[in-house]
Student: 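Here's a structure for you.
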Amino acid sequence: KEFVVEISGTTVTITCPLTEGSITWDITGTKPSSSEQKYVIENHDSSPANVSCSSHEKKYEMYLKARVCTNCEELDALAVTGIITADLLITLGVLILVYYFSKDRKGKASASTGSRPRGQKTQRPPPVPNPDYEPIRKGQREVYAGLESRGF
């Protein structure tokens with residue numbers, strides 16, 4: 001037989017496996033006065049405790065480590081499943097919207113790139129060379145003769 005522990009908010013209810021006779025409770029840190037099969041701890045502070053219940057020669061012991069909180073909400077499996085499903089559907093909807101809007105925008109951008117008036121295709125002249133980086137020509141080697149290689 002086992003203890004039955006029920007937790008609701010900060011209230012912990014412990015049910016002793018013994019059913020007959022007067023039950024004596026022993027909980028570390030407190031002096032319980034109840035002699036019933038169920039023992040209720042109001043405003044439990046989540047501290048661990050050794051709990052035992054006995055009647056005549058039979059004794060059952062348990063280590064209680066129950067975490068409680070005042071503002072907790074209990075969710076059943078159906079509520080958790082619903083929340084996860086709704087989240088996935090919303091995320092999928094946002095992804096589809098982003099895909100379709102980016103697809104349309106891509107099409108408009110390619111059409112608007114030709115904003116210049118289209119006439120005859122003219123060849124562009126070659127870029128103007130930078131005089132600082134002119135290539136050395138055969139007759140101009142003396143211009144660069146004064147430059148010496150520097151050792152680093």
Side-chain angles (χ1 to χ4, degrees), residues 1-135 147 149-152:
K1 294 183 177 183
E2 295 179 348
F3 284 92
V4 177
V5 180
E6 299 169 7
I7 301 170
S8 178
T10 58
T11 303
V12 179
T13 304
I14 306 167
T15 304
C16 183
L18 296 171
T19 55
E20 69 277 340
S22 176
I23 297 173
T24 306
W25 289 93
D26 184 28
I27 299 174
T28 54
T30 62
K31 279 288 184 189
S33 59
S34 174
S35 62
E36 298 176 12
Q37 188 181 6
K38 288 188 176 188
Y39 181 72
V40 179
I41 304 172
E42 296 283 341
N43 297 323
H44 184 60
D45 59 354
S46 297
S47 60
N50 289 318
V51 178
S52 65
C53 66
S54 58
S55 176
H56 305 295
E57 69 276 349
K58 289 186 178 181
K59 184 175 185 179
Y60 287 93
E61 294 181 344
M62 158 180 96
Y63 180 73
L64 177 68
K65 188 174 182 180
R67 299 206 69 181
V68 298
C69 60
T70 55
N71 298 326
C72 295
E73 289 292 328
E74 294 181 28
L75 295 176
D76 57 342
L78 185 64
V80 172
T81 305
I83 290 170
I84 292 172
T85 304
D87 184 34
L88 289 175
L89 289 174
I90 290 170
T91 304
L92 185 64
V94 169
L95 284 174
I96 290 171
L97 285 173
V98 168
Y99 172 75
Y100 281 114
F101 279 119
S102 67
K103 186 177 174 183
D104 291 344
R105 188 170 287 187
K106 208 182 280 183
K108 290 178 184 176
S110 65
S112 66
T113 53
S115 60
R116 287 180 276 154
R118 291 190 173 193
Q120 295 178 352
K121 285 193 173 182
T122 59
Q123 289 185 348
R124 292 167 52 191
V128 178
N130 188 342
D132 294 335
Y133 298 104
E134 284 188 39
L147 299 175
S149 63
R150 298 180 191 157
F152 291 101

Student: Can you name the closest pair of heavy atoms from E61 and S52 and give their distance?
Tutor: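 So the minimum-distance heavy-atom pair works out to CG-CB, 3.7 Å.
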Student: Do L64 and I27 have side chains that approach each other closer than 4.5 Å (heavy atoms only, starting at C-beta)?
Tutor: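 Heavy-atom side-chain distance check fails, nothing below 4.5 Å.
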Student: Rounded at 0.5 Å granularity, tell me how far CG in N43 sits from OG1 in T11.
Tutor: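 Those atoms lie 6.5 Å apart.
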Student: I'd like to check C69 versus S46 (side-chain heavy atoms, cut-off strictly below 4.5 Å). Are they in contact?
Tutor: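 They are not in side-chain contact.
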Student: For C16, is there any backbone N or O sitting under 3.5 Å from a side-chain donor or acceptor partner on Q37?
Tutor: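 Indeed, once roles are kept as given, a pair shorter than 3.5 Å links the two residues.
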Student: How many angstroms lie between atom CG of L95 and atom CD1 of I90, to the nearest 0.5 angstrom?
Tutor: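 Going from the CG atom of L95 to the CD1 atom of I90 covers 12.0 Å.
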Student: Please check this pair: side chain of T28 against backbone of A49, looking for a donor-acceptor N/O pair closer than 3.5 Å.
Tutor: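 Side chain of T28 to backbone of A49, a donor-acceptor pair under 3.5 Å: no, none is there.
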Student: So, taking the atom named CZ in R67 and the one named CD1 in I7, what distance separates them when rounded to the nearest 0.5 Å?
Tutor: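 That separation rounds to 11.0 Å.
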Student: According to the interplanar angle, ranging from 0 to 90°, do the rings of F3 and Y60 count as parallel (below 30°), tilted (30 to 60°) or perpendicular (above 60°)?
Tutor: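 Perpendicular, since the angle between the ring planes exceeds 60°.
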Student: Return the minimal non-hydrogen interatomic distance between Y63 and N50, and the atom names on each side.
Tutor: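 For Y63 versus N50, the nearest heavy atoms are CD1-OD1, 3.2 Å.
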Student: Are I14 and M62 close enough that some pair of their side-chain heavy atoms sits under 4.5 Å apart?
Tutor: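 Yes, close enough: below the 4.5 Å cut-off.
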Student: Nearest 0.5 Å, what's the CG-SG distance between L18 and C53?
Tutor: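 Answer rounded to 0.5 Å: 4.5 Å.
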Student: So, taking the atom named CD in E42 and the one named OG1 in T13, what distance separates them when rounded to the nearest 0.5 Å?
Tutor: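 Going from the CD atom of E42 to the OG1 atom of T13 covers 7.5 Å.
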Student: First locate atom CG of L78, then atom CD1 of I83, and finally report the distance between them rounded to the nearest 0.5 Å.
Tutor: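 Separation between the atoms: 10.0 Å.
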Student: Return yes when atom CD of E36 has more than 12 non-hydrogen atoms of other residues, nucleotides or ligands closer than 6.0 Å, and no otherwise.
Tutor: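 Result for CD/E36: open.
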Student: When you compare the side chain of Y39 with that of V51, does any pair of heavy atoms fall below 4.5 Å?
Tutor: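 Side chain of V51 against side chain of Y39, heavy atoms only: no contact under 4.5 Å found.
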Student: Taking atom OH as the centre, does Y99 end up with more than 12 heavy-atom neighbours from other residues, nucleotides or ligands that are less than 6.0 angstrom away?
Tutor: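 No, not enclosed.
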